Undergrad: 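Provided herewith is a single structure, encoded as structure tokens, for subsequent inquiry.
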Amino acid sequence: QLQLVESGGGLVQPGGSLRLSCAASGFASNYYTIGWFRQAPGKEREGVSCISSSGGSTNYADSVKGRFTISRDNAKNTVYLQMNSLKPDDTAIYYCAAGRLWSLLRHDYAYWGQGTQVTVSS
């Protein structure tokens with residue numbers, strides 16, 4: 001069973017930065033694509049970014065391109081999401097998920113963390 005735990009959320013002012021972490025444990029966690037998703041109140045959960053098992057391929061939603069950077073350290077079984085130039089529209093619960101496909105579609109991911117709240121407000 002693969003388990004994922006997010007951390008690093010919090011309250012930040014517009015224009016600020018946060019780094020989210022997703023710590024994986026369990027069977028063969030380094031063989032999975034890891035994706036970051038977010039869900040704002042009253043909205044559907046949307047894909048933000050994903051990174052392949054090797055870390056060689058990444059993808060971003062248009063809304064975060066140029067502001068967010070995903071990376072992974074397989075020696076630490078951890079994936080990071082560096083978020084810069086944050087906007088109030090980035091406010092959401094952020095989830096990491098593990099799947100076999102390099103995808104930003106939630107149905108391609110079988111394992112999910114519990115989420116971490118990110119609030120961007122002055």
Side-chain angles (χ1 to χ4, degrees):
Q1 184 75 13
L2 186 60
Q3 294 182 325
L4 303 170
V5 178
E6 304 94 336
S7 61
L11 173 64
V12 63
Q13 292 186 342
S17 298
L18 281 175
R19 189 177 80 158
L20 304 183
S21 298
C22 173
S25 62
F27 180 73
S29 58
N30 291 340
Y31 288 95
Y32 288 83
T33 288
I34 301 295
W36 283 99
F37 293 77
R38 67 186 181 186
Q39 188 166 18
K43 294 188 177 181
E44 295 288 318
R45 191 172 299 187
E46 63 174 353
V48 174
S49 182
C50 65
I51 187 166
S52 62
S53 57
S54 68
S57 296
T58 59
N59 195 14
Y60 299 91
D62 287 343
S63 58
V64 306
K65 278 181 182 176
R67 300 189 298 123
F68 290 10
T69 303
I70 192 170
S71 62
R72 70 190 296 164
D73 184 341
N74 283 343
K76 296 181 178 180
N77 295 323
T78 302
V79 173
Y80 305 98
L81 185 68
Q82 178 67 44
M83 306 187 296
N84 298 328
S85 302
L86 283 162
K87 306 174 182 179
D89 283 350
D90 295 317
T91 296
I93 299 174
Y94 283 71
Y95 301 87
C96 66
R100 291 295 193 181
L101 298 179
W102 186 66
S103 164
L104 289 179
L105 300 176
R106 58 183 294 187
H107 64 250
D108 286 328
Y109 290 82
Y111 302 98
W112 291 82
Q114 83 290 348
T116 185
Q117 176 70 48
V118 171
T119 302
V120 184
S121 174
S122 55

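This one's a predicted model, so the numbers in the text were calculated from it and none came from an experiment.
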Undergrad: If only atom types and distance count, is the side chain of Gln114 paired as donor or acceptor with the main-chain N or O of Val5 below 3.5 Å?
TA: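 Such a contact is absent between Gln114 side chain and Val5 backbone.
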Undergrad: Run the side-chain hydrogen bond (donor to acceptor under 3.5 Å, both in side chains) test against Ser85 and tell me which residues pass, sequence neighbours left out.
TA: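 Scan of Ser85 (side-chain hydrogen bond (donor to acceptor under 3.5 Å, both in side chains), adjacent residues dropped) gives none.
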Undergrad: Could you pull out the closest heavy-atom pair between Tyr60 and Phe68, with the gap in Å?
TA: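 So the minimum-distance heavy-atom pair works out to CE2-O, 3.2 Å.
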Undergrad: Ignoring hydrogens, what is the shortest heavy-atom contact between Asn30 and Ser53? Give both atom names and the distance.
TA: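 Reported closest heavy-atom pair: O-CB, 3.3 Å.
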Undergrad: Can you tell which of Trp112, Tyr32, Tyr31 makes a side-chain contact (heavy atoms from CB on, under 4.5 Å) with Leu2?
TA: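 Only one option passes, and that is Tyr32.
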Undergrad: Taking only residues two or more places apart in sequence or in another chain, which ones pass side-chain hydrogen bond (donor to acceptor under 3.5 Å, both in side chains) with Arg72?
TA: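 Checked Arg72 against side-chain hydrogen bond (donor to acceptor under 3.5 Å, both in side chains); matches are Asn74.
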Undergrad: Partners of Lys65 by side-chain hydrogen bond (donor to acceptor under 3.5 Å, both in side chains), sequence neighbours excluded?
TA: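 Residues passing side-chain hydrogen bond (donor to acceptor under 3.5 Å, both in side chains) with Lys65: Asp62.
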Undergrad: Hey, could you give me each pair passing ring-ring contact (aromatic ring centres under 6.0 Å, His included) that has a residue in residues 85-109? Not counting sequence neighbours.
TA: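 Checked against ring-ring contact (aromatic ring centres under 6.0 Å, His included) - neighbours excluded - the pairs reaching residues 85-109 are Phe37-Tyr109.
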Undergrad: Test Thr33 against Asp108 for side-chain contact (heavy atoms from CB on, under 4.5 Å), laying out the working first.
TA: CA-CA 10 Å; Thr33 288; Asp108 286 328; over 6 Å; no
Undergrad: So, using side-chain hydrogen bond (donor to acceptor under 3.5 Å, both in side chains) as the criterion, who are the partners of Asp90 when residues are at least two apart?
TA: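 Asp90 satisfies side-chain hydrogen bond (donor to acceptor under 3.5 Å, both in side chains) with Arg38, Arg67 only.
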Undergrad: Report the C-alpha separation of Glu6 and Leu20 in whole Å, then their side-chain angles, then the decisive distance to 0.1 Å, and conclude whether the side-chain contact (heavy atoms from CB on, under 4.5 Å) test is met.
TA: CA-CA 7 Å; Glu6 304 94 336; Leu20 304 183; over 6 Å; no
Undergrad: Do Thr91 and Gln117 pass the side-chain contact (heavy atoms from CB on, under 4.5 Å) test, and can you show the C-alpha distance, the side-chain angles, and the key distance before you say yes or no?
TA: CA-CA 8 Å; Thr91 296; Gln117 176 70 48; 4.1 Å; yes
Undergrad: Please identify each residue that fulfils disulfide (SG to SG under 2.5 Å) with Cys22, with sequence neighbours left out.
TA: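 Cys22: disulfide (SG to SG under 2.5 Å) contacts with Cys96.
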